[in-house]
Amino acid sequence: MIVNSIVVGQFQTNCYVIGFKENSNGIIIDPGDESEKILKLIGENNFNIRYILHTHGHIDHIGATAKTKEITGAKTFLHKDDLSLYENLRVQGEAFGMILDKPPLIDEFFEDRDKINFNGIIIEIIHTPGHSPGSVCFKIGNILFSGDTLFNMGIGRTDLWGGSYTKIIKSINEKLFTINDNTIVYPGHGQKTTIGYEKINNPFINF
Ligand SMILES: [Zn+2]
Ligand SMILES: [Zn+2]
């Protein structure tokens with residue numbers, strides 16, 4: 001399994017493209033913007049993208065979903081508590097003077113602790129509300145994709161629609177900081193980190 005990471009759009013979102021050498025099957029996590037850049041990476045690696053997984057429904061994580069789904073034909077996934085955010089992509093865009101198309105339909109909704117079997121690996125869904133009601137993290141072995149819930153030395157903002165400071169702290173303490181310390185964290189923005197490092201150094205959380 002190879003994890004490719006690219007930074008897309010004005011919000012500098014990390015979009016991750018996971019691929020498998022053996023058979024080229026792949027997954028996109030958070031196609032936030034710049035579909036050309038994402039599709040170029042996919043083309044160069046000859047990935048056959050099966051799933052588009054969203055950590056949450058904010059514009060900077062779903063802005064290129066329409067185009068990437070159209071080209072790859074991949075199935076889209078989201079937690080249902082972020083469906084209204086997702087469906088209001090156009091309204092989210094207007095706030096930034098961006099004109100966006102309606103996002104495509106979501107094919108499947110996550111539930112907390114769902115396990116998705118993909119190409120011989122298990123993707124565990126961890127519902128971590130707080131940054132948004134339907135924020136989730138994806139755990140694959142000792143790797144965690146944390147979206148905008150946990151950052152390197154930071155946490156997601158909670159002043160946007162449906163955000164809750166109490167909930168994000170609870171999510172991180174109870175659902176993320178209980179994972180192995182050596183778990184590598186790939187966040188929605190910024191540099192990667194580990195659970196153990198954040199437990200000790202993250203200034204926003206007292207574990
Ligand atoms: Zn966000
Ligand atoms: Zn974001």
Side-chain angles (χ1 to χ4, degrees), residues 3-18 27-35 37-38 41 52-69 76-98 100-104 106 109-110 112 125-139 143-172 175-176 184-193 198 202-205:
V3 179
N4 301 276
S5 135
I6 42 172
V7 178
V8 295
Q10 59 171 310
F11 302 101
Q12 303 268 290
T13 305
N14 292 325
C15 168
Y16 298 101
V17 178
I18 300 172
I27 296 170
I28 307 173
I29 296 178
D30 289 349
D33 200 355
E34 299 189 82
S35 55
K37 210 162 149 180
I38 301 168
L41 172 76
I52 297 172
L53 309 182
H54 299 107
T55 58
H56 62 298
H58 283 150
I59 184 168
D60 56 321
H61 298 256
I62 66 170
T65 300
K67 197 76 201 170
T68 48
K69 182 179 170 72
T76 47
F77 292 70
L78 182 78
H79 192 283
K80 65 179 179 324
D81 291 354
D82 265 16
L83 184 59
S84 59
L85 265 177
Y86 179 86
E87 288 178 333
N88 279 295
L89 173 63
R90 277 177 151 166
V91 180
Q92 291 192 58
E94 280 162 18
F96 303 101
M98 295 158 80
L100 291 158
D101 290 334
K102 211 173 168 247
I106 292 295
F109 292 100
F110 300 127
D112 189 31
I125 310 303
I126 307 172
H127 183 209
T128 50
H131 173 64
S132 69
S135 277
V136 296
C137 298
F138 308 122
K139 187 176 177 296
I143 295 177
L144 183 83
F145 295 91
S146 63
D148 286 1
T149 297
L150 180 66
F151 298 130
N152 187 328
M153 298 289 275
I155 62 172
R157 54 192 286 192
T158 54
D159 58 333
L160 300 169
W161 181 85
S164 159
Y165 180 75
T166 317
K167 282 185 184 166
I168 199 171
I169 296 295
K170 189 173 151 71
S171 290
I172 294 170
K175 288 181 156 176
L176 300 186
I184 299 159
V185 178
Y186 288 102
H189 303 268
Q191 297 298 313
K192 66 178 179 184
T193 181
E198 295 308 314
N202 195 304
F204 296 91
I205 318 151

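By convention here, the first residue in the shown sequence is residue 1. In listed order, ligands and their atoms are each counted from 1.
- Judged by distance alone, the side chains of D30 and T55 do bring a donor and an acceptor atom under 3.5 Å apart.
- The N, O or S atom of H58 with the smallest distance to the Zn ion (ligand 1) is ND1.
- Judged purely by distance below 3.5 Å, without hydrogens or angles, the side chains of H54 and D82 never pair a donor atom with an acceptor atom.
- The Zn ion (ligand 1) lies under 2.8 Å from an N, O or S atom belonging to D148.
- Of all N, O or S atoms in H189, the one lying closest to the Zn ion (ligand 2) is NE2.
- Among the backbone and side-chain atoms of H61, none of the N, O or S atoms lies under 2.8 Å from the Zn ion (ligand 1).
- Residues Y165 and F204 keep their aromatic ring centres 6.0 Å or farther apart.
- Counting backbone and side-chain atoms alike, H56 contributes no N/O/S atom closer than 2.8 Å to the Zn ion (ligand 2).
- Residues F96 and F11 bring their aromatic ring centres within 6.0 Å.
- Nearest to the Zn ion (ligand 2), among the N, O or S atoms that D60 has, is OD2.
- Side-chain N/O atoms of H58 and S132 include no donor and acceptor closer than 3.5 Å.
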